[in-house]
Amino acid sequence: QLQLVESGGDLVQPGESLRLSCAASGLFLASSAIAWFRQAPGKEREWVSCISSGGASTDYADSVTGRFTISRDNSRNSAYLQMNSLKPEDTAVYYCAVRWNSCSRGRDYDTWGQGTQVIVSS
């Protein structure tokens, strides 16, 4: 069974950092693009970042560029999202997703995780 499990969400203060993890089981991530999305209360799910299958190419939404870093470790079948300088507007449920092709900024991903909650508040 294909499964993605996110972890690392927490309640933090503005300016602090978090590292989210996405672990895969039942599928081999090495040949897939991996993306992070987020969904804030009352808002649509939005694309945050994506990393290519080999890790050579990354892409970020303007709202997180310079603050977030996506990475992957194919040997651990995992991906990560390092989030620095967090802002209250980063508060959302964060999801990882896998696409069997190249990165996409749309929602056309093949497998999704259940999400991990990030709350940024003082």
Side-chain angles (χ1 to χ4, degrees):
Q1 182 178 358
L2 308 181
Q3 190 175 16
L4 296 173
V5 178
E6 302 93 338
S7 62
D10 205 349
L11 168 62
V12 296
Q13 294 190 352
E16 293 186 339
S17 298
L18 274 178
R19 187 189 193 215
L20 304 184
S21 298
C22 172
S25 60
L27 74 161
F28 190 51
L29 289 182
S31 56
S32 304
I34 304 171
W36 287 93
F37 288 75
R38 66 186 182 185
Q39 187 166 18
K43 295 188 177 181
E44 291 191 354
R45 190 171 299 188
E46 65 170 343
W47 175 86
V48 173
S49 181
C50 187
I51 186 167
S52 61
S53 58
S57 177
T58 59
D59 194 14
Y60 298 93
D62 289 345
S63 59
V64 306
T65 297
R67 299 188 298 123
F68 290 12
T69 302
I70 191 171
S71 62
R72 64 190 296 159
D73 185 344
N74 288 341
S75 68
R76 295 180 180 271
N77 224 25
S78 295
Y80 309 96
L81 185 67
Q82 178 67 43
M83 306 187 295
N84 298 331
S85 302
L86 283 161
K87 304 175 181 180
E89 51 262 44
D90 295 318
T91 295
V93 177
Y94 283 72
Y95 301 87
C96 63
V98 167
R99 191 169 189 263
W100 307 122
N101 249 302
S102 56
C103 281
S104 167
R105 290 194 170 203
R107 297 184 202 172
D108 52 337
Y109 282 73
D110 302 287
T111 301
W112 293 79
Q114 293 302 306
T116 185
Q117 177 74 59
V118 172
I119 300 174
V120 185
S121 175
S122 55

Closest contact, heavy atoms only, Ser52 versus Ala56: OG-N, 3.3 Å
Residues in side-chain contact (heavy atoms from CB on, under 4.5 Å) with Asp90, at least two apart? Arg38, Arg67, Phe68, Leu86, Lys87, Tyr94, Val120
Just by distance, do the side chain of Tyr109 and the backbone of Ala33 share a donor-acceptor pair under 3.5 Å? no
Find out if a path of hydrophobic residues (ILVMFWY) with successive side-chain heavy-atom gaps under 4.5 Å connects Leu4 to Leu20. yes
Smallest separation among heavy atoms of Pro14 and Ser122, with atom names: CD-N, 3.7 Å
Should we say atom CZ of Arg105 is surrounded by more than 12 heavy atoms from elsewhere, each under 6.0 Å from it? yes
Determine whether more than 12 heavy atoms belonging to other residues, nucleotides or ligands lie under 6.0 Å from atom CD of Glu44. no
Should Ile119 and Val12 be counted in the same cluster of Ile, Leu, Val, Met, Phe, Trp and Tyr side chains packed under 4.5 Å apart? no
Say whether Ile34 and Trp112 are linked into one hydrophobic cluster, either directly or through other cluster members, by side-chain heavy-atom distances under 4.5 angstrom. no
For a side chain to side chain contact (heavy atoms under 4.5 Å, CB included) check, start with the C-alpha distance between Val48 and Tyr95, then their side-chain angles and the critical distance, and finish with the verdict. CA-CA 10 Å; Val48 173; Tyr95 301 87; over 6 Å; no
Report the distance from atom CG of Leu29 to atom CH2 of Trp100, rounding to the nearest 0.5 Å. 7.0 Å
Tell me, which pairs form a side-chain hydrogen bond (donor to acceptor under 3.5 Å, both in side chains) where one or both residues lie in residues 3-28, sequence neighbours left out? Ser17-Asn84
Could you state the interatomic distance from CH2 (Trp36) to SG (Cys50), rounded to the nearest 0.5 Å? 12.0 Å
Treating Ile, Leu, Val, Met, Phe, Trp and Tyr as nodes and any side-chain heavy-atom pair under 4.5 angstrom as an edge, say whether Ile70 and Tyr80 lie in one connected cluster. no
Counting distance only, does the side-chain N/O of Arg45 pair as donor-acceptor with the main-chain N or O of Val93 below 3.5 Å? no
Under the side chain to side chain contact (heavy atoms under 4.5 Å, CB included) test against Val118, which residue among Thr91, Leu18, Leu11 passes? Leu18
Hey, which of Ser53, Ser32, Ser31, Cys22 is the one that makes side chain to side chain contact (heavy atoms under 4.5 Å, CB included) with Val98? Ser32
Interatomic spacing from OH in Tyr60 to CH2 in Trp47 - rounded to 0.5 Å: 9.0 Å
